[in-house]
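Take a look at the structure below.
Remember, it's a predicted structure, so these values are computed and weren't measured experimentally.
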Amino acid sequence: SRTQNDGHPKWFVLGVGQVIKGLDIAMMNMCPGEKRKVIIPPSLAYGQQGYAQGKIPPNATLIFEIELYAVNKGPRSVEAFHQIDKDSDKKLSQLEISQYLKEEFARDGKKRHPSAHDEILADIFKKNDHDGDGFISAKEYNVYQHDEL
């Protein structure tokens, strides 16, 4: 994707709500250099609200031509795990991940509905806390396996 202003590539973390849900879904499993044309329905884009004072009208279906330029080490790296694991107990609590999400959201500066944080946190634990103990271990976090977009 390219920024709206200067034509340079747009960088973001996939799967944490930094882009519309349709792009998060559409870009899963893409490899560097791959191109895709995707059609995103309003329910996975800007819905009934639209976006940016009429630039994208309510209930708009969006069409994107995507080229993935690069994949960088992201939140599934060993370094990121240690950064999130504030108490160094080798497991991530809901409080630690919640704090990490708040920091990431503050960094990207996008406005989000207050419920987005809780929804993302719940989704992270639903998908990653395989043993249901309320923590995400390094194994559950998947730091030792290749993470491909």
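- For Gln83 (side chain) and Tyr100 (main-chain N/O), no donor-acceptor pair under 3.5 Å exists by modelled atom type.
- Shown here for Ile63 and Lys37, the closest heavy-atom pair between the two residues is CG2-CE, 3.7 Å.
- No side-chain heavy atom of Gln48 sits less than 4.5 Å from a side-chain heavy atom of Pro42.
- No path of Ile, Leu, Val, Met, Phe, Trp and Tyr side chains, each step under 4.5 Å between heavy atoms, connects Ile39 with Ile56, placing them in separate hydrophobic clusters.
- Here the straight-line distance linking atom OG of Ser93 with atom CG of Asp129 works out to 11.5 Å at 0.5 Å rounding.
- For the atom pair CG (Leu95) and CD1 (Ile84), the distance works out to 12.5 Å, reported to the nearest 0.5 Å.
- Under the 3.5 Å distance criterion, the side-chain polar atoms of Asp85 are matched with a main-chain donor or acceptor of Asp89.
- To the nearest 0.5 Å, atoms CD (Gln49) and CG (Asn59) are separated by 9.0 Å.
- At least one side-chain heavy atom of His117 sits under 4.5 Å from a side-chain heavy atom of Lys102.
- Cluster membership check: Ile25 shares its hydrophobic cluster with Leu68, using side-chain heavy-atom separations under 4.5 Å among Ile, Leu, Val, Met, Phe, Trp and Tyr.
- Connection of Leu62 to Ile66 is established within a shared hydrophobic cluster, with ILVMFWY side chains joined at heavy-atom distances below 4.5 Å, either directly or through further cluster members.
- Between Ile20 and Phe64, the closest side-chain pair of non-hydrogen atoms falls below 4.5 Å.
- Gln94 contributes no side-chain N or O that, together with a main-chain N or O of Phe125, makes up a donor-acceptor pair within less than 3.5 Å.
- Shown here for Lys91 and Glu96, the closest heavy-atom pair between the two residues is O-OE1, 3.1 Å.
- For the atom pair OH of Tyr69 and NZ of Lys35, the computed distance is 8.0 Å after rounding to the nearest 0.5 Å.
- Nearest heavy-atom pair, Ile40 versus Gly22, reported as atom, atom and distance to 0.1 Å: CD1-C, 3.6 Å.
- Under the 4.5 Å side-chain heavy-atom criterion for ILVMFWY residues, no single connected hydrophobic cluster contains both Ile97 and Phe135.
- Side-chain contact between Leu121 and Asp123 is absent, with no heavy atoms from C-beta onward closer than 4.5 Å.
- Residue Glu104 holds its CD atom at 11.0 Å from CD of Gln99, rounded to the nearest 0.5 Å.
- Judged by distance alone, the side chain of Asn128 and the main-chain N or O of Ile124 form a donor-acceptor pair under 3.5 Å.
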